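Input: a single structure, listed below in structure tokens.
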Amino acid sequence: MSTGAAAGPTAEQAGGPALVVVARTAEVLAGPGADERTLAGWERRRLDLVRVPARRDDVLAARLLLRWCVTRLTGGPPHRSALRQHCPDCDRDGHGRPFLPAHPGLGVSMSHADGLVAAAVGSGPVGVDVEPEDRVPPRFELLRRRFPAAGRPPGDATPPNRRSPAVDGLTGPVEAEARFVDGLTRWVEEEARFKAGDAALPVHSWNDAPRGARAAVACAGTWWRADLTDLDRVRNRSAGLSGADGRPGPAGRGGRARAAPGVRTTR
């Protein structure tokens, strides 16, 4: 459950609740405003490099969803939600942790996996991750190599307050299922922290049963888990935009994207 306020955030406020949305790719691309022309030129060029149609739809949906979340949180026009990415390792733009030049105080994050997308926006560092709930979690050795701060393995070696669900007293198939769930939960939690850039951030995970998803958000403050319908006004405002300048454009090539066909691909 969300630890945020009962009412959703409506403006950019220091220390205000972070906004988090999980959706199916098909949900995002089927509604108003699902037009890749609203992305920046560099985003569209990177999108064109994705050759697998289902994966391309996931990438597009995640970027659109994040843009809508920024607009919903800040109350500004859609074109003020433009993202940038920069990699400090190679000192190049176009990849790396996303940020908002127009809103330096806000942290942003997005995730996509096999027909699922998630986005988060909030004050300070924010990270989000989503995975299909039936995905086999990586072995703990991989988790520890990727996230050194992850601690001990799931199961009976994990402190009881870190188990989700608790494994104590379970045997046979029930124990195996509990360990499976716990391993996947640990993975999305550590991915969320990694994306936020802070391994010490509080992390919150949940199961989105209607979408068959396991998700997690890492943020310092409270958070609000919204539904895609909470972004309807923003999506309607975004409908018909031709690019990051926010001006209407003619219909044609590069218009509304095709909904994801639901084909599972390797992430």
Side-chain angles (χ1 to χ4, degrees), residues 19-72 78-79 81-87 89-90 92-101 107-121 126-133 135 187-188 191-192 194-197 208 211-217 228 231 234-235 238-239 241-244 253-267:
L19 171 63
V20 186
V21 179
V22 174
R24 296 189 186 95
T25 294
E27 291 179 277
V28 173
L29 299 186
D35 190 331
E36 66 186 61
R37 294 172 298 173
T38 62
L39 302 181
W42 69 268
E43 290 179 289
R44 296 196 299 272
R45 288 190 292 272
R46 287 187 62 84
L47 192 64
D48 288 340
L49 298 176
V50 183
R51 300 304 183 189
V52 179
R55 182 175 173 83
R56 186 183 192 279
D57 285 346
D58 287 346
V59 174
L60 173 60
R63 290 185 174 275
L64 290 173
L65 183 62
L66 182 55
R67 221 174 249 263
W68 298 337
C69 286
V70 172
T71 300
R72 173 67 172 86
H79 69 277
S81 303
L83 296 173
R84 283 192 61 191
Q85 288 178 265
H86 180 78
C87 176
D89 295 333
C90 65
R92 299 178 67 179
D93 293 333
H95 63 286
R97 187 170 292 116
F99 65 97
L100 298 167
V108 294
S109 182
M110 57 187 161
S111 178
H112 56 83
D114 296 345
L116 295 167
V117 292
V121 184
V126 173
V128 71
D129 193 57
V130 66
E131 293 284 354
E133 64 180 358
R135 170 155 290 169
W187 180 264
V188 296
E191 277 278 4
F194 176 79
K195 291 177 179 179
D208 189 326
R211 296 177 177 86
R214 188 73 43 79
V217 61
L228 192 60
L231 305 178
V234 172
R235 299 168 77 191
S238 300
L241 299 184
S242 62
R253 187 177 182 274
R256 179 172 296 178
R258 173 180 51 82
V263 177
R264 295 178 63 86
T265 62
T266 301
R267 188 181 183 191

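Just so it is clear, the model here is predicted, and its values are computed rather than measured. Start at 1 with the first residue, then count along the sequence.
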Q) With Ala61, which residues qualify under side-chain contact (heavy atoms from CB on, under 4.5 Å), at least two apart? A)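 Partners of Ala61 under the side-chain contact (heavy atoms from CB on, under 4.5 Å) test: Thr25, Val28, Leu29, Val117.
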Q: Go through the structure and list residues passing side-chain contact (heavy atoms from CB on, under 4.5 Å) with Ala119, not counting sequence neighbours.
A: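 So Ala119 forms a side-chain contact (heavy atoms from CB on, under 4.5 Å) with Leu65, Leu66, Cys69.
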Counting distance only, does the side-chain N/O of [X] pair as donor-acceptor with the main-chain N or O of [Y] below 3.5 Å?
| X | Y | result |
| --- | --- | --- |
| Ser109 | Val128 | yes |
| Arg67 | Thr38 | yes |
| Asp58 | Gly115 | yes |

Q: Assess whether salt bridge (Lys or Arg N to Asp or Glu O under 4.0 Å) is satisfied between Glu43 and Arg63, documenting all intermediate values.
A: CA-CA 9 Å; Glu43 290 179 289; Arg63 290 185 174 275; 2.9 Å; yes
With heavy-atom distances below 4.5 Å as the criterion, would you say the side chains of [X] and [Y] are in contact?
| X | Y | value |
| --- | --- | --- |
| Val126 | Val108 | no |
| Leu47 | Arg56 | yes |
| His112 | Arg55 | yes |

How long is the span from the [atom1] atom in [X] to the [atom2] atom in [Y], to the nearest 0.5 Å?
| X | Y | atom1 | atom2 | answer |
| --- | --- | --- | --- | --- |
| Leu116 | Asp208 | CG | CG | 8.0 Å |
| Arg235 | Asp35 | CZ | CG | 13.0 Å |
| Leu39 | Glu36 | CG | CD | 7.0 Å |
| Arg135 | Arg214 | CZ | CZ | 12.5 Å |

Determine the minimum heavy-atom distance between [X] and [Y], stating which atoms define it.
| X | Y | value |
| --- | --- | --- |
| Gly127 | Lys195 | CA-CB, 4.1 Å |
| Asp48 | Arg51 | O-NH1, 3.3 Å |
| Ala213 | Val22 | CB-CG1, 4.4 Å |

Q: Please identify each residue that fulfils salt bridge (charged side-chain N to carboxylate O under 4.0 Å, His left out) with Glu27, with sequence neighbours left out.
A: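 So Glu27 forms a salt bridge (charged side-chain N to carboxylate O under 4.0 Å, His left out) with Arg211.
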Q: Report the residues that fulfil salt bridge (charged side-chain N to carboxylate O under 4.0 Å, His left out) with Arg24, sequence neighbours left out, ordered by chain and then residue number.
A: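 Arg24: no salt bridge (charged side-chain N to carboxylate O under 4.0 Å, His left out) contacts found.
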